[in-house]
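Here is the structure we will look at.
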Amino acid sequence: MKDNSIPDSLHNSIKAFLSLLKTMYRSMPLLMIVFTFLIVYLATKLSSNATTMVAILSAVIVISSICIYVKSNNYGEAVLALSAGLFTVYTVEWTPSLFIGFIVVWILFTVTVFFINSVRIASKIESILLDAAISLGNREQTDKETKKQLEAISNSVKNSVLMPDERAEILRLFCFRKIDIDKMQTGLHWVNIYFGITKIPYMDLASFVSEVIKNTTLYAGITIDNVFDYIYVGMRNTPASPLEYIDIFKKTRHILASTKNTILYFQTLNDFFSSGQLINKVEEYVESIVVID
Amino acid sequence: MTPNQAAEIARTMTGSVLSDEEIMIGVRKVNTIVKEECCRQVDKLLQKHNLPFEKGYFLAKEDFNKIAQRYKMDAAVMFWIYMEWLGQNK
C-alpha cells in the first residue's frame, strides 16, 4: 500500500494555512491588504538589489528564528532574534570570506549543539534505565543485563509517538510498580497507543496501564491485549473525555485492586458515564456493582 | 440436545421470559473476555454455596440472576454461556 501520510499532511497544512488567511482577511481586510503589499514590496526589493549571499543569510536567520519560536513558543523572543539577525545581515558589507566564515561558524555551532543534546539525552536515558533496573532487583541477572533488556523493550515499540527518554521514564515507573518484565513491552505498546490517541500526559497513562496489568487475572485464550482493546473501545464510546475517564479511574482504582473484576469494573465505569450521574457518586456506584459478595 | 431444548432448560433454571431466538442472539453477542470473567464469577458463587440440588437450586437461580444483572445480560443467556464454559473448562 502506498504511504501518503507526508503529502497528505502537507496538503492539510496548506489547506489550513489558506483557511487561516481567508479568516484573517474576513476579520481584518485592511490589515491584510497592507501586509500583502508590504511582503510583495520587500520580496521585489530583495530580489532586485540584494546579493545571493544576503538572501541565503536572510533565510538562515528566518530558519533560526522559527526554531527559536518552536522551541520556546515565545513570539517576542523569536522576533527579537529575527530582527537582530536581519539587522546584522543588512548592515554588514558581505564579502565571500565573511560569508563563508559566518556559515561555517553557524553550522559548527548547530552541529555541536545537536551532539551535546544527543549526549545529554543518551546519558539521561542511561541513568533512568539504570534506576529502573536497580529498582526491579532481578535476582536471576545483573542490573546491567536487566538494563539491556529494558533498552531492547524501549526500542521495540514501532511507530512510537513517545520520545526515547519518555519511554525510559515509563519503563522506570513499571519497574517501580513491580510489573513483570515480560509484560512491559505490551504495557509500553499500549501507553504509546493511548498517548497517540488521547494526548493525556504519558506518565498518567503509564500509571493507568500498570494498574490494569497488575490487577488483571488472565485466563486461557485471553491476552492482556484483549483487555486493553476492550478498555479502549469502552473509553471511545463513553460520553466523556479520556481525561475525565482517567480521573474517574484514579478515584476508583482501589475497587479494581480489591476485586480484580477488570471487565466488570470497566463496564461499570462506562455505564456510570452513560447514566449521567454526579461525579462524586462514582465510588458508591462502582462499589455497589463491582463488589460481589 | 437441540438449541431450542437448551434454551428451554435455561429458561426453566433461571425464570427468564426471553424467547429461544432472543436467548441465542444474546449468547452470540457476549464478548469472549466478558464470557470468561462472568462465568468464573458464577462458578465461584456456586462453589461457595455447595449445597444439594433441592436446596441449592434457588440459590443458584439467584446467583445467575445476580451476575447476569451486573454484566448486563439475561439470566438465561448467563446460564447458557456458563454451561458452555463448564463443558470447556471442567
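Protein chains get the first letters and strands the later ones, always in sequence-line order, with residue 1 at the start of each. Note: hydrogens, waters and symmetry copies are ignored here, and every other heavy atom, side chains too, is used.
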Most chain A-contacting option - heavy-atom pairs closer than 4.5 Å, from B:Lys72, B:Lys44, B:Lys48: B:Lys72
B:Glu84, CD: over 12 other non-hydrogen atoms inside 6.0 angstrom: yes
Minimal non-hydrogen separation, B:Val34 against A:Ile263, with atom names: CG2-CG2, 3.6 Å
Atom CG of A:Asn280: over 12 foreign heavy atoms under 6.0 Å: yes
Worked verdict on A:Ile222 versus B:Thr32 for side chain to side chain contact (heavy atoms under 4.5 Å, CB included): CA-CA 8 Å; A:Ile222 308 287; B:Thr32 320; 4.2 Å; yes
Heavy-atom contact with chain B under 4.5 Å, split by part of A:Thr262: both
Atom CZ of A:Arg120 with >12 non-hydrogen neighbours under 6.0 angstrom: no
B:Glu36 versus A:Tyr219, closest heavy-atom pair with distance: CG-CD1, 3.3 Å
Chain A contact via B:Gln69 - which portion, at a heavy-atom distance below 4.5 Å: neither
Chain B contact via A:Thr223 - side chain, backbone, both or neither, heavy atoms under 4.5 Å: neither
Heavy atoms from other residues, nucleotides or ligands near CE of A:Met163 exceed 12 (cutoff 6.0 Å): no
Backbone of A:Val291 reached by a side-chain donor or acceptor of B:Arg70 within 3.5 Å: yes
NZ/A:Lys281: more than 12 non-hydrogen atoms of other groups inside 6.0 Å: no
Within 6.0 angstrom of A:Lys199 NZ, more than 12 heavy atoms from elsewhere: yes
Any donor-acceptor N or O pair under 3.5 Å, side chains B:Glu37, A:Asn261: no
Smallest separation among heavy atoms of B:Lys66 and A:Ile292, with atom names: CD-CG2, 4.4 Å
